[in-house]
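In what follows, a structure is listed as structure tokens, so that the remarks can point back to it.
Residue numbers start from 1 in every chain, and the chains themselves are labelled A, B, ... in the order their sequence lines are given, proteins ahead of strands.
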Amino acid sequence: MEVSRRQFLSIGPAGVLGGSALGFDLTESIRVKQRLRIEGATLSHSLCPYCAVGCSLIAHTKKAANGKTELLQIEGDPDSPVNEGTLCPKGATSLQLAISRRRVPHPLYRAPGAAEWKQVSWEFALDRLARNIKASRDATFVTQDADGNVVNRCEGVAFAGGAAFSSEEGYLATKLMRGLGLVHLEQQARV
Amino acid sequence: MFARDRARAGELRERYPHAAEVFGLYLALVETWESVGDRVPSDGAVEWAHVHVLPRVIEATAAHGPPLLAAAVRIAVGNGLLAPASRAGPPTAPNGPPGTATGSGGGGLLHAWLAGEELTPIERYLARATLRVVPLATPPAHEAGRCPACGGAPQLSYRTAGDDPLVSGRRMLQCARCAHEWSFSATTCPQCGETGKRTVHAEAATSGGEEPRVGRGIAAGDALFPHLSAESCETCRGYLIDVDLGRDPHAVPHVDELAAVPIDLHMADHGYTKITPNLMGF
Ligand code: SF4
């Protein structure tokens, strides 16, 4: 077989060496490829909503067959000068803030003295909350302090806001609670 | 110097029968590289490699390469096309089309690869296998995504392992030309610099109702390549194989990358092109 140097060096994927550029047998690799279920996930930047450190996250998402975007995983962003890929245990579970199979999707109620939780409607739960808040407020509302100053405050109820509150949610919660006369307000919102 | 490469290639040859031929040749090349060991001179190393390493690479390829490649190399040697004694000089293009290694007669192959010229797969393979033992003294480049030591293109990407599972390791790139490693943004394309359109292609679970686990952390239970994935850019359609040392701390990135042939084939099917083919042409 006479080949010139140029011809020899030009042998490529479509040349005499077959499927691989250097003539490796790809039969088995093709079989393996057909067995693999490879998913593609898009990477996006995000920020942990839990605390003031503000760690950077990388979110892995994919478009589901129904057109919805599914969140697959969240990890620390190694490029961030703030957290350099690190997340605290809370931030590392931030995926569950968005999706969790163990999330309780309906209100549960355990009556005083009962041992079991039972599923109740939202109407029941909200009505019960409203009644309890009113009862506590009525019982502990203070109109004047010890020096006779008008204070109109509720000392028997406190409010704790979640870290994942947005600014708007925090504003709304504060307005509502101040409206009820609450003075004990704590808020961990950082976003 | 190549003990880890040898051990890992031997292990992967057993684990991945589809890549047995690739690792068989790789192990033969490791023997060759070890045989020249620390005899590489500091001056004129490229010319030295052409005379002392290239013939051994050819020998190893003829003995352990896939049959067609081995035959092609034997024929070429028989016809004097890769004469070991050919002088390795910079490409001057007297005999062939300009811009190809053949343009420099028999000796310009290594310099052509170093100059980033367009080479055929076999030229590339021979040059890379020969230069694996040669410390390169090319001027550093400052182009984003290129090797800061020699300006070469990245061959692969890997994530460093951390002691803590809550820490995502840094993304490192390894140069195809001089094997230098450097830290690079995890969400930027090294080829075109695009920052917002990275996609990771990884095996999803196929049993037990598991969710696909394409990020870091624990891999899908039945994954064949738990520590390997492909990272592509939707703008330039380029990709690199990524080796996650967090999932397999024993991996040797440039060896493990050779096992990813089925992932490479999957990527080719979907219209992606690897930024640089690896030593074995994948
Ligand atoms: S990961 Fe932890 S430390 Fe970082 S912002 Fe979230 S809660 Fe704060």
Cut-off 3.5 Å, no hydrogens considered: what does the side-chain donor-acceptor table look like for residues 153-165 of chain A, sequence neighbours left out?
from: Arg153(A); atom 1: NE; to: Glu155(A); atom 2: OE2; distance (Å): 2.8
from: Arg153(A); atom 1: NH2; to: Glu155(A); atom 2: OE2; distance (Å): 3.1

With a 3.5 Å cut-off and sequence neighbours excluded, list the donor-acceptor pairs that the side chains of residues 114-123 of chain A form with protein atoms.
from: Gln119(A); atom 1: OE1; to: His106(A); atom 2: NE2; distance (Å): 3.3
from: Ser121(A); atom 1: OG; to: Phe124(A); atom 2: N; distance (Å): 3.1

Salt-bridge contact Lys63(A)-Glu70(A) (side-chain N to carboxylate O under 4.0 Å) | no
Part of residues 257-266 of chain B lying next to chain A, heavy-atom separation under 4.5 Å = Val261(B), Pro262(B), Ile263(B), Leu265(B), His266(B)
Could you verify whether a donor N or O on one side chain and an acceptor N or O on the other, from Thr93(A) and Gln96(A), lie under 3.5 Å apart?
-> no
Could you list the donor-acceptor pairs under 3.5 angstrom formed by side chains in residues 80-89 of chain A, with sequence neighbours left out?
from: Ser80(A); atom 1: OG; to: Ser56(A); atom 2: OG; distance (Å): 3.4
from: Ser80(A); atom 1: OG; to: Val82(A); atom 2: N; distance (Å): 3.0
from: Ser80(A); atom 1: OG; to: Asn83(A); atom 2: N; distance (Å): 3.3
from: Ser80(A); atom 1: OG; to: Asn83(A); atom 2: OD1; distance (Å): 2.8
from: Asn83(A); atom 1: OD1; to: Ser56(A); atom 2: N; distance (Å): 3.0
from: Asn83(A); atom 1: ND2; to: Ser56(A); atom 2: O; distance (Å): 3.0
from: Asn83(A); atom 1: ND2; to: Thr86(A); atom 2: O; distance (Å): 2.9
from: Thr86(A); atom 1: OG1; to: Asn83(A); atom 2: O; distance (Å): 2.8

Identified side-chain contact (heavy atoms from CB on, under 4.5 Å) counterpart of His18(B) within the set Ile30(A), Val32(A), Thr27(A) | Val32(A)
When only pairs under 4.5 Å are counted, which of Tyr16(B), Tyr125(B), Phe184(B), Phe282(B) shares the most heavy-atom pairs with chain A?
-> Phe282(B)
